[in-house]
Student: 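Dropping the structure in here first, questions after.
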Amino acid sequence: MVLFEKIPLYSSGPVCSAMTAQILDGKSLSERIVDELRQRVDALCATGKRVPTLAVILVGTDPASSIYVRNKRRACERANVRSLSHDLPSSTTQVELLALIDQLNADAGVDGILVQMPLPAQIDPETVIERINPDKDVDGFHPYNIGRLAVRMPTLRSCTPMGVMTLLKTVHADMRGLNALVVGASNHVGRPMGLELLMEGCTVTTANSQTRNLPVLALQADIVVVAVGRPNLVKGEWIKEGATVADVGINRLPDGRICGDVEFAVASERAAWITPVPGGVGPMTVASLLQNTLQAYEIHSA
């Protein structure tokens, strides 16, 4: 199902005078996707059908998590997706959280369930993820959904890798044969990111912050995706001339500035396309969440 034309979407506003890279504008593309989702939902409502429904669970008062959840709820409102808020105290036990998930799993009016990470120390996140029904796992974290991706039969896909792929396809109509480097091997981003790139025919290398020859690997990569959570881990001079860089990291420096995992200014002088931080991958993650919610709705309505 095509939600937008596969045309280059980027802006070339200068970040510094020497910059040659064009900016992969995740914010603009995500707004287009959400607007198109709104049209599809409105068309459903016009035929008398219910709106898709997403249940969002927030445990505790972590400031970053609260911001993420607020952004997701605003996106739901824009797409005319019903958002059910479950804000729980940080003292919530694992048993209590699992009971709520069981309740939402059994509710035929709930299409997607999102549990915002991280969770308090007394709750095991993997147990929580596995408790969500796979066809309501709109984050795409459940082992069943990751496994489907691994065997090239994807259903609900991990939101951040899905969003990165949507961005990459605006400038790479055909990725077959390209060398792709994924720095980071987490279950939620790095591992499914590598699987997504494999499905497009890339030759994929997965590295991490301890990889000894990381500069060499980066210099060979046509596509570099970094998701470690370490400020400026990937130096700009490591980027191959003309490469495409997707920076998933978002880090706050001691002086309050936000930066990614890639040394942006220098990398921008070498890359052909690069995502900004913020405004690159983050908005695409939210758009992918809504795409998954509508897909889950269609599964339940079939």
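Numbers for residues simply follow the sequence, beginning at 1. Computed over heavy atoms, backbone and side chain alike; hydrogens, waters and symmetry mates excluded.
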Student: Determine whether Asp137 and Ile113 make a side-chain contact, defined as any pair of heavy atoms from C-beta on separated by less than 4.5 Å.
Tutor: no
Student: Could you give the distance from SG (Cys45) to CZ (Arg50), rounded to the nearest 0.5 Å?
Tutor: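 Cys45 SG to Arg50 CZ: 10.5 Å, rounded to 0.5 Å.
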Student: Counting heavy atoms not belonging to Lys235, are there more than 12 under 6.0 Å from its NZ?
Tutor: yes
Student: Under a 4.0 Å N-O cut-off, is there an ion pair linking Asp25 with Lys27?
Tutor: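 Salt bridge absent between Asp25 and Lys27.
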Student: Taking ring pair (Phe, Tyr, Trp, His ring centres under 6.0 Å) as the definition, give me every residue that meets it alongside Tyr297, ordered by chain and number, with sequence neighbours left out.
Tutor: none
Student: Testing Leu289, Val138, Val164 for side chain to side chain contact (heavy atoms under 4.5 Å, CB included) with Cys159, which one passes?
Tutor: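 Exactly one candidate clears the test, Leu289.
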Student: Is a donor on one side and an acceptor on the other found under 3.5 Å between the side chain of Asn208 and the backbone of Ala185?
Tutor: no
Student: Checking side chain to side chain contact (heavy atoms under 4.5 Å, CB included) between Leu217 and each of Thr211, Asn179, Thr206, Val183, which is the one that passes?
Tutor: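 One option only clears the test, and that one is Thr211.
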Student: Mind checking whether Pro118 and Ser65 have side chains closer than 4.5 Å, heavy atoms only?
Tutor: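 SC-SC contact between Pro118 and Ser65 confirmed.
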Student: Quick one: does Thr20's side chain have a donor or acceptor within less than 3.5 Å of a partner on Glu269's backbone?
Tutor: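 Side chain of Thr20 to backbone of Glu269, a donor-acceptor pair under 3.5 Å: yes, one is there.
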Student: Atom NZ of Lys136 and atom OG1 of Thr53: how far apart are they, to the nearest 0.5 Å?
Tutor: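 Between atom NZ of Lys136 and atom OG1 of Thr53 there are 9.5 Å.
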Student: Between the side chains of Asp261 and Asn251, does any donor sit under 3.5 Å from an acceptor?
Tutor: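 There is such a pair (donor and acceptor under 3.5 Å, judged by atom type) between the side chains of Asp261 and Asn251.
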Student: If only atom types and distance count, is the side chain of Ser288 paired as donor or acceptor with the main-chain N or O of Gly163 below 3.5 Å?
Tutor: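 Looks like yes, one N/O pair under 3.5 Å.
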Student: State, to 0.1 Å, how close Pro89 and Val59 come at their nearest heavy-atom pair, and which atoms those are.
Tutor: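 Shortest heavy-atom separation between Pro89 and Val59 comes out as O-CG1, 3.5 Å.
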Student: Is the backbone N or O of Gly26 less than 3.5 Å from a side-chain atom of Glu31, with the two atoms forming a donor-acceptor pair by type?
Tutor: no
Student: Could you give the distance from OG1 (Thr244) to CE (Met175), rounded to the nearest 0.5 Å?
Tutor: 8.5 Å
Student: Would you sort out whether Asp124 and Gln94 count as a side-chain contact (heavy atoms from CB on, under 4.5 Å), showing the intermediate values?
Tutor: CA-CA 7 Å; Asp124 175 48; Gln94 180 165 295; 3.5 Å; yes
Student: For a 4.5 angstrom cut-off between non-hydrogen side-chain atoms, does Val81 reach Val51?
Tutor: no
Student: Check the pair Ile33 / Met284 against side-chain contact (heavy atoms from CB on, under 4.5 Å), numbers first and verdict last.
Tutor: CA-CA 9 Å; Ile33 292 172; Met284 294 302 300; 3.8 Å; yes
Student: Should the pair Arg82-Asp111 be classified as a salt bridge under the 4.0 Å nitrogen-to-oxygen rule?
Tutor: no
Student: Which heavy atom in Ile132 sits nearest to a heavy atom in His142, and how many Å separate them?
Tutor: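 Looking at all heavy atoms of both residues, the shortest contact is O-CD2, 3.2 Å.
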Student: Kindly compute the distance separating CG (Asp102) from CG (Asp107), expressed to the nearest 0.5 Å.
Tutor: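 Those atoms lie 12.5 Å apart.
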Student: Indicate the atoms forming the closest heavy-atom contact of Asp247 with Val262, along with that distance.
Tutor: OD2-N, 3.0 Å
Student: Can you tell me how far CG of Leu253 sits from CD1 of Ile258, rounded to the nearest 0.5 angstrom?
Tutor: 9.0 Å
Student: Whether the side chain of Asn145 engages the backbone of Ser158 through a donor-acceptor N/O pair (distance < 3.5 Å, no angle test) should be reported.
Tutor: no
Student: Would you name the heavy atoms of Val286 and Asn71 that are closest together and state the gap between them?
Tutor: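 For Val286 and Asn71, the tightest heavy-atom pair comes out as CG1-O, 4.4 Å.
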Student: Is there a path of hydrophobic side-chain contacts, each under 4.5 Å between heavy atoms, that joins Met165 and Val281?
Tutor: yes
Student: Do Val189 and Tyr68 sit in the same hydrophobic cluster, where Ile, Leu, Val, Met, Phe, Trp and Tyr count as joined when their side-chain heavy atoms come under 4.5 Å apart?
Tutor: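 Shared cluster, no.
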Student: Could you point out which residue of Ile223, Leu197, Val204, Leu214 forms a side chain to side chain contact (heavy atoms under 4.5 Å, CB included) with Leu181?
Tutor: Leu214
Student: Are Leu168 and Ile23 joined in one hydrophobic group, where the rule is that I, L, V, M, F, W and Y side chains link up if heavy atoms are under 4.5 Å apart?
Tutor: no
Student: Minimum heavy-atom separation for Ile146 and Pro192, please, with both atom names.
Tutor: CD1-CB, 4.1 Å
Student: If every non-hydrogen atom of Ser30 is compared with every non-hydrogen atom of Ala287, which pair is closest and at what distance?
Tutor: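 Closest pair (atom of Ser30, atom of Ala287, distance): CB-CB, 3.9 Å.
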Student: Can you find a heavy atom in the side chain of Gln291 that is under 4.5 Å from one in the side chain of Arg157?
Tutor: no
Student: Examine Met193 and Val224 and state if one hydrophobic cluster contains both, with Ile, Leu, Val, Met, Phe, Trp and Tyr joined whenever side-chain heavy atoms are less than 4.5 Å apart.
Tutor: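 No; tracing contacts between hydrophobic side chains, which count when under 4.5 Å, never links both residues.
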Student: Would you mind reporting whether Arg148 and Pro154 have side-chain heavy atoms less than 4.5 Å apart?
Tutor: no
Student: Under the rule for ring pair (Phe, Tyr, Trp, His ring centres under 6.0 Å), what residues qualify as partners of His172, not counting sequence neighbours?
Tutor: Trp273
Student: Quick one: which residue pairs count as a ring pair (Phe, Tyr, Trp, His ring centres under 6.0 Å) with a foot in residues 188-236, not counting sequence neighbours?
Tutor: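 Checked against ring pair (Phe, Tyr, Trp, His ring centres under 6.0 Å) - neighbours excluded - the pairs reaching residues 188-236 are Phe141-His188.
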Student: Test Thr170 against Leu24 for side-chain contact (heavy atoms from CB on, under 4.5 Å), laying out the working first.
Tutor: CA-CA 9 Å; Thr170 65; Leu24 279 169; 3.8 Å; yes
Student: Is Arg73 salt-bridged to Glu77, going by a charged N under 4.0 Å from an acidic O?
Tutor: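 A salt bridge is absent here (no side-chain N lies under 4.0 Å from a carboxylate O).
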Student: For the CZ atom of Arg270 and the CD atom of Glu241, what is their distance to the nearest 0.5 Å?
Tutor: 4.5 Å
Student: Taking side chain as C-beta onward, heavy atoms only, is Met162 less than 4.5 Å from Asn292?
Tutor: yes
Student: Are Met117 and Val56 in one and the same hydrophobic cluster, where Ile, Leu, Val, Met, Phe, Trp and Tyr link if side-chain heavy atoms are under 4.5 Å apart?
Tutor: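 Unlinked, Met117 and Val56 end up in two clusters.
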Student: Assess whether side-chain contact (heavy atoms from CB on, under 4.5 Å) is satisfied between Thr166 and Leu29, documenting all intermediate values.
Tutor: CA-CA 9 Å; Thr166 304; Leu29 180 53; 4.1 Å; yes
Student: What I'd like to find out is whether the side chain of Pro120 reaches to under 4.5 Å of the side chain of Thr92, using heavy atoms alone.
Tutor: no
Student: I want to check something: taking the side chain as every heavy atom from C-beta on, are Leu156 and Gln295 in contact at a cut-off of under 4.5 Å?
Tutor: yes
Student: Give a yes or no answer on whether the side chain of Glu96 reaches the backbone of Thr93 with a donor-acceptor pair at less than 3.5 Å.
Tutor: yes
Student: Does Glu298 come within less than 4.0 Å of Arg40, counting only side-chain N to carboxylate O?
Tutor: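 Looking at Arg40 together with Glu298, the answer is yes, because their closest N to O distance falls below 4.0 Å.
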